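Let me begin by presenting the structure, written as structure tokens, before commenting on it.
Numbers for residues simply follow the sequence, beginning at 1. For ligands, and for the atoms within them, numbers begin at 1 and follow the listed sequence. None of the values given here were measured: they were computed from a predicted structure.
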Amino acid sequence: MSLIWEVVVVVTIVYVLYELLNIHNRKKLPPGPRGLPILGHLHLLGKNPHHDFQNLAKKHGSIMYMRLGLVPTIVVSSTDVAEKILKTYDHIFANKPHNEAAHYLAYGQKNIIFAKYGPYWRNMRKLCTQHLLTNQKINSFQSLRRQQVELMIKSLQNEGRAAVDLSERVASLNANMTCLMVFGKKYMDEDFDKRGFKAVLQEVVHLAAITNLGDFFPFLGVIDLQGLTRRLKDLSKVFDEFLEKIINEHVESHDENQSKDFVDTMLDIMQSGKMEFQFDRIHIKAVLFDMIVAAIDTSATSIDWILTELLRHPHVMKKLQIELEQVVGLERMVKESDLENLKYLDMVVKEGMRLHSVVPVTQREAMEDCVVDGFNIRKGTRIMINHYAIQRDPNVWSDPEKFLPERFIGSSVDVRGRDFQLLPFNSGRRSCPAIQLGIIVVRLVVAQLVHCFDWELPNDMQPCDLDLEEHFGIVTSKEKHLMAIPTYRLNEQ
Ligand code: HEM
């Protein structure tokens with residue numbers, strides 16, 4: 001019998017046993033679409049699963065049962081149910097599901113993002129919030145951010161009247177700011193394997209985003225039908241060598257008087273031996289993995305979407321420029337200290353993040369049986385919170401598909417995790433520990449680009465022609481890069 005038939009027979013036997021064992025558990029499940037044997041509902045998901053979940057929820061409800069392969073899944077699409085999962089029962093749903101990619105790339109899910117809920121995750125998260133992402137530490141990198149943003153503005157000024165790839169510029173600015181903060185230096189392509197820094201990072205993001213059959217049929221991970229495990233193992237080796245090299249460089253050039261990047265800070269903690277839990281090189285590397293993966297794409301992609309909406313809505317761009325002229329003036333660039341006075345900017349950023357959550361679906365796993373809205377959720381069930389659907393829910397937002405920053409006038413709704421209708425950083429124990437940093441970077445870069453330049457679309461393109469097609473991944477970015485022509489607008493200094 002060929003391998004493929006052996007697999008089919010094994011899968012069928014497991015499926016039949018699974019269904020028999022689960023009959024009594026289905027009694028009080030939430031409603032959901034009809035599934036297929038074995039595949040469950042996997043066939044209903046296309047290249048943008050957040051859209052598919054949204055459409056299915058319109059028919060089956062805001063708490064919906066699906067089975068993705070062998071994994072029982074609850075899809076949440078309303079503010080009320082999201083609040084129950086992320087606040088009322090946060091202690092039950094604080095686990096992250098098994099993730100094949102993170103297993104190989106992040107030292108057996110030893111990173112914070114994918115760590116199982118428990119003492120290990122708690123210690124690692126505390127390390128992050130108490131030593132790396134404190135307000136004081138974030139402020140200590142303020143001049144670094146200013147220098148890098150100024151360098152980008154200068155390089156755009158030198159472009160003349162040419163269209164620039166704004167997505168690329170913002171991505172590279174954010175990569176530089178993150179590398180300087182985390183490693184103390186920018187990493188160039190030649191610094192990382194023969195493929196180059198950017199290419200390796202892109203592969204990490206790409207492989208982490210591919211639908212891995214091992215996540216839905218756990219025993220298939222071992223067989224590696226898609227060849228992903230091999231690629232993940234190869235990549236993790238390259239990444240590990242890179243991180244080892246960085247740590248070694250830091251150990252060799254340790255200078256007490258130099259300002260401390262994240263690697264220095266973690267090495268100090270490791271060497272002090274003062275941690276109440278085991279903290280060695282593996283843990284440093286796992287945190288570094290998170291810092292790179294979580295920081296580089298999220299902020300840059302949020303900025304990209306917001307700039308796209310501004311170019312699609314020239315009157316909003318103009319209104320923002322007027323605010324910047326009034327608060328900052330045309331004689332100088334924006335400083336971080338200006339940000340709190342830019343109220344319209346705050347609304348523009350919130351509205352951009354509402355329409356384009358860069359993590360449109362977040363995942364949890366039930367650690368115990370639980371009843372939510374009268375429905376049974378069994379231990380081990382995967383929970384998918386569809387922030388995309390919630391942030392466009394017509395029951396909560398008027399004209400939900402429109403980009404209207406003014407909707408936030410007189411509203412206290414914020415993005416920091418208190419308001420369940422708007423959670424670009426998620427909420428609860430597993431919410432983003434870097435909200436403050438993320439918001440500063442997004443506001444600063446958007447404000448600076450809008451303040452320093454007038455922007456025009458190339459090739460007589462009309463604002464309404466700018467496409468909003470998405471590329472779903474661990475971060476959901478624009479399918480096509482944003483191209484625009486800058487004209488410097490500040491008075492010469
Ligand atoms: C605009 C920028 C950012 C956005 C929109 C964002 C969004 C998010 C979201 C939605 C989550 C929760 C994911 C989940 O529930 O599965 C998350 C978690 C996380 N983020 Fe961010 N993030 C941003 C910036 C950053 C930065 C700059 C860092 C680090 C320097 C960071 C580090 C993390 C970490 C470590 C977690 C995992 C938390 C845990 O599981 O306990 N993020 N982020």
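With ligand atoms numbered from 1 in the order given, ligand 1 contributes 39 (C), 40 (O), 41 (O) to contacts under 4.0 Å with heavy atoms of W121. Every atom of ligand 1 with a heavy atom of R125 under 4.0 Å away is listed here by number and element: 38 (C), 39 (C), 41 (O). Here is the list of ligand 1 atoms found below 4.0 Å of a heavy atom in S431: 38 (C). Counting atoms of ligand 1 from 1 in the listed order, those under 4.0 Å from a heavy atom of N426 are 10 (C), 12 (C), 14 (C), 15 (O). Less than 4.0 angstrom separates some heavy atom of V358 from each of these atoms of ligand 1: 5 (C). Within the listing of ligand 1, atoms 5 (C), 7 (C), 10 (C) sit less than 4.0 angstrom from a heavy atom of P424.
Among protein heavy atoms, atom 28 (C) of ligand 1 sits closest to A434 CB, 3.3 Å. From the protein, the heavy atom lying nearest to atom 2 (C) of ligand 1 is S299 OG, 3.5 Å. The protein heavy atom nearest to atom 24 (C) of ligand 1 is T298 OG1, 3.4 Å. In terms of protein heavy-atom proximity, atom 6 (C) of ligand 1 is nearest to F425 CD2, 3.6 Å. In this structure, atom 16 (O) of ligand 1 lies nearest to the protein heavy atom K96 NZ, 3.2 Å. Among all protein heavy atoms, the one lying closest to atom 18 (C) of ligand 1 is C432 CA, 3.6 Å. For atom 27 (C) of ligand 1, the closest non-hydrogen atom on the protein side is A295 CB, 3.5 Å. In terms of protein heavy-atom proximity, atom 19 (C) of ligand 1 is nearest to P433 CD, 3.6 Å.
A cation-pi arrangement, defined by a distance under 6.0 Å to the six-membered ring centre and an angle within 45 degrees of its axis, is absent between R67 and F216.
Side-chain atoms of R430 and T362 include no donor-acceptor pair closer than 3.5 Å. For the residue pair R392 and N386, no side-chain donor N or O sits within less than 3.5 Å of a side-chain acceptor on the partner. Residues K96 and Q109 have side chains that never bring a donor and an acceptor to within less than 3.5 angstrom of each other. Counting only N and O atoms by type, the side chains of D268 and H131 include no donor and acceptor under 3.5 Å apart.
The distance criterion of under 3.5 Å between nitrogen or oxygen atoms is not met by T362 with respect to ligand 1. In terms of polar-atom proximity, S302 is not counted as a contact of ligand 1, lacking any N or O under 3.5 Å from an N or O of the ligand.
No donor-acceptor distance shorter than 3.5 angstrom exists from the side chain of N95 to the backbone of E365, with no hydrogens or angles considered. A donor-acceptor pair is defined here as one N or O able to donate and one able to accept, closer than 3.5 Å; no such pair exists between the side chain of N176 and the backbone of L173.
Scanning both residues, D419 and L423, for their nearest heavy atoms gives O-CD2, 3.3 Å. Across every non-hydrogen atom of D215 and E100, the tightest pair is OD1-N, 2.8 Å.
Of the options M291, R443, M353, the smallest heavy-atom separation from atom 29 (C) of ligand 1 is shown by M291. With distances taken over non-hydrogen atoms, the option nearest atom 40 (O) of ligand 1 out of H387, R429, R430, R364 is R430. The heavy atom nearest to atom 25 (C) of ligand 1, out of those in A115, A294, G438, is found in A294.
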- Message: With ring pair (Phe, Tyr, Trp, His ring centres under 6.0 Å) as the criterion, how do F403 and H356 come out once you've worked through the C-alpha distance, each side chain's angles and the decisive distance to 0.1 Å?
- Response: CA-CA 10 Å; F403 179 72; H356 307 285; 8.0 Å; no
- Task: Could you walk me through whether M66 and M384 pass the side chain to side chain contact (heavy atoms under 4.5 Å, CB included) test, one step at a time?
- Result: CA-CA 10 Å; M66 295 176 81; M384 299 230 181; over 6 Å; no
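Using a 4.0 angstrom heavy-atom cutoff, F114 does not count as in contact with ligand 1.
Crowding of E340 atom CD: a count of heavy atoms from other residues, nucleotides or ligands under 6.0 Å not exceeding 12.
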